[in-house]
Amino acid sequence: MKEIFEILEQNGRATPERIATMVDKPVREVEKIIKQAEKDGTILKYKAVIDWSKLGEEDVWALIEVRVAPQRGVGFDAIAERIYQFPEVYSAYLVSGTYDLAILVRGKNMQEISTFVAEKLSPLEQVQSTVTHFLMKRYKENGEILKVVKETNRRLPITP
Amino acid sequence: MISQKVATLPPSGIRKFFDLLSSVKDVISLSIGEPDFVTPWHIRESGIYSLEKGYTMYTSNSGMPELRQELAYYLENHYGISYNPEYEILITTGSSEALDLALRAIINPGDEVIIPNPCYVAYPADVILAGGVPILIPTNEGNNFVVKANDIEPRITKHTKAILVGYPANPTGAVISKKEAEAIAEVAKKYDLLVISDEIYARLVYGVEHVCFPSLPGMKERTILISGFSKAHAMTGWRIGYVAAERYLIQALTKIHQYTMLCAPTMAQMAAIEALRNGEAEVEKMVQEYNRRRRIMVKRLNEIGLPCFEPKGAFYAFPSIKATGMNSEEFAEKLLLEERVAVVPGTAFGPYGEGFVRCCYATSLSNIEEALKRIDRFVRQHRLITTQGVN
């Protein structure tokens, strides 16, 4: 069953028919497992991995280290929620180490991100300090290397 | 100026097809007999490290002691056979060199070597080059392309020296069962023959256990085990393989090796050590991926009407193309020119490959699916013509 999800994680457009052949199970059963997973939230969403720079529309991204004060009863969860609800926040993690929350923020330009940090994030009561790192170059994302390697030239067209 | 032996040696059937293939553009190739994966990064990184640290000199003829030690562990852990790394293992420049050494070390002029056919292109050629005579035994869908002891026994003469087998098999994808292997082992013992077992695809088996020839009772003494890193670790271009056998055999092979190859590339040896120490997870991942592609290919070929027995090893499917009325060369040539899909005609692997083509699934799933779509169209069209011809 795990294999079905591994295949989907690699290719969200893999059809149940194809997956069924790959894992040697009846199509019906695979369909059922996928439906169930969509329902119970095991599969959250199907999306495309897009290299926006190809469209000349490069968004600005920043990784922000946030130090916060945990609250009685809810720990970091309440403040984390207040932060991740902002649509600018792309990913949010509680981390160990010298700061508490690591958030990935996406904006149209540096100005937009600066405004977010200065006017929305920093003023939050529990936020003690932030350190903003703007992303300069993306090499690999979601397990995909963002560079098209031409595979065809590497192998001879026919070998014994 | 050319020696008679070489002059009369037929060129590889693959070579002939290569020239035609080079003249056609935008081909989807199912004819590449090597992994489409690049060598896992940690293995490449060790190769780089070895260069960085200046490991650019010869190693001992038999190969780096650490590598032989790791191989001894590996063979013990996987197949329960103990080889002494000091004098029962020889590191070679790919398993191709290993095969050549093995044959040259044991063959006297006129000695016969029994080879199931269709088989890897180099088997009969290497026997001829070593001064021997290849005795081809047909295998077919009827016996799942596995040679039977009963087929071997009547072909044994006083000149027979060895049986050369390669399971999992290129080009058929066939694997041998323990029972079948044991029966062959009995024949080898009865007639005092050596078995040369090319197990380069040993790790690429699907839902079955690989049978390692020397692990069969009484067979370590008379088996020359050949393998390497090319297929399991996607290391074809590194040229690194090995032989494991009894001391007197390894000594004989090493004699030729020391005068010809000297030693296997040092960089590749260091990378191979890393492959053995930390490569298992990547091997399993690749095998799982091949298995998925295998199922897609075999199912579709059967649906298309090119009957294909289920290959349980290597990364080849070997469908019958007899339904099209074409011979395998015609089929491959027409398919290439009309649909730009390259497969290898079965006859490239010997006379008993006629009526089949080899389709390799070591290529991306999207390539496989597109290629099969085209093959489907091709087969439908040519079926139609045949039917009309009959009417």
Side-chain angles (χ1 to χ4, degrees), chain A residues 1-37 42-43 46-51 54 137-160, chain B residues 12-38 96 120-122 125 170-171 206-207 230 236-237 285 288-289 291-300 303 332 336 342-344 348-349 358 360 362-369:
Chain A
M1 194 159 101
K2 196 174 139 211
E3 217 185 333
I4 296 173
F5 299 113
E6 282 169 2
I7 293 168
L8 276 175
E9 197 179 30
Q10 267 175 36
N11 177 7
R13 296 180 72 182
T15 60
E17 289 77 19
R18 180 205 265 196
I19 297 170
T21 311
M22 286 167 101
V23 302
D24 200 19
K25 280 205 168 81
V27 183
R28 279 252 176 97
E29 193 183 323
V30 172
E31 279 172 340
K32 218 173 111 189
I33 290 169
I34 294 175
K35 278 260 153 64
Q36 178 58 34
T42 307
I43 294 174
Y46 299 94
K47 337 200 267 188
V49 180
I50 291 171
D51 186 350
K54 282 250 163 71
K137 190 170 180 180
R138 332 168 76 77
Y139 295 104
K140 190 174 180 182
E141 218 164 55
N142 300 319
E144 302 295 328
I145 294 169
L146 296 174
K147 190 170 65 175
V148 182
V149 187
K150 276 218 165 157
E151 181 219 345
T152 44
N153 299 335
R154 287 198 187 149
R155 297 196 296 170
L156 294 169
I158 178 169
T159 54
Chain B
S12 158
I14 284 194
R15 192 70 234 172
K16 216 166 74 190
F17 203 61
F18 185 88
D19 297 331
L20 177 66
L21 190 47
S22 310
S23 66
V24 187
K25 275 207 177 99
D26 300 322
V27 173
I28 298 184
S29 185
L30 302 182
S31 51
I32 312 173
E34 65 178 318
D36 60 321
F37 298 106
V38 178
S96 299
Y120 180 54
V121 291
N170 176 6
Y206 314 103
S230 294
T236 45
K285 231 164 75 185
Q288 190 181 43
E289 187 61 38
N291 194 11
R292 293 172 186 164
R293 300 172 184 178
R294 177 185 74 103
R295 286 171 172 149
I296 296 256
M297 184 176 267
V298 172
K299 184 174 173 234
R300 286 289 294 133
E303 284 169 359
L336 176 65
V343 296
V344 185
F349 306 97
R358 187 190 76 177
C360 177
T363 189
S364 73
L365 208 53
S366 52
N367 271 349
I368 291 172
E369 285 183 331

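Every chain is numbered from 1 and lettered A, B, ... according to where its sequence line falls, protein lines coming before strand lines.
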Fill in the blank from the handout: Whatever's closer than 4.5 Å to a heavy atom in chain A on B:R358 counts as side chain
Completion exercise
residues 18-28 of chain A vs chain B, non-hydrogen distance cutoff under 4.5 Å, contacting residues -> A:R18, A:T21, A:M22, A:V23, A:D24
Exercise for the section: Salt-bridge test for B:K299 and B:E303: reply yes if a basic N is under 4.0 Å from a carboxylate O, no otherwise. Expected result: yes
Problem - Partner set under side-chain hydrogen bond (donor to acceptor under 3.5 Å, both in side chains) for B:S22, not counting sequence neighbours - result: none
Handout entry: Residues that A:E144 engages under salt bridge (Lys or Arg N to Asp or Glu O under 4.0 Å), provided they are two or more places apart
Key = none
Fill in the blank from the handout: Per-residue tally against chain A (heavy atom, under 4.5 Å) across B:A342, B:A122, B:P35 peaks at B:P35
Practice task
Counting only heavy atoms closer than 4.5 Å, note whether B:V121 contacts chain A via side chain, backbone, both or neither.
Solution key: side chain
Problem - B:L30 side chain reached by B:T363 side chain, heavy atoms, under 4.5 Å - result: yes
Problem - Sub-4.5 Å side-chain heavy-atom contact between B:L21 and B:S31 - result: yes
Exercise for the section: Heavy-atom distances under 4.5 Å only: say whether B:V298 touches chain A with side chain, backbone, both or neither. Expected result: neither
Problem - Sequence neighbours excluded - salt bridge (Lys or Arg N to Asp or Glu O under 4.0 Å) pairs with any residue from residues 4-13 of chain A - result: A:K2-A:E6, A:E6-B:R292
Exercise for the section: Would you check if B:I14 and A:T159 make a side-chain contact, meaning some heavy-atom pair closer than 4.5 Å? Expected result: no
Handout entry: Which atoms of B:F18 approach chain A - backbone, side chain, both or neither, heavy atom under 4.5 Å
Key = both
Exercise for the section: Kindly indicate whether the side chain of A:I34, heavy atoms from C-beta on, has any atom under 4.5 Å from the side chain of A:F5. Expected result: no
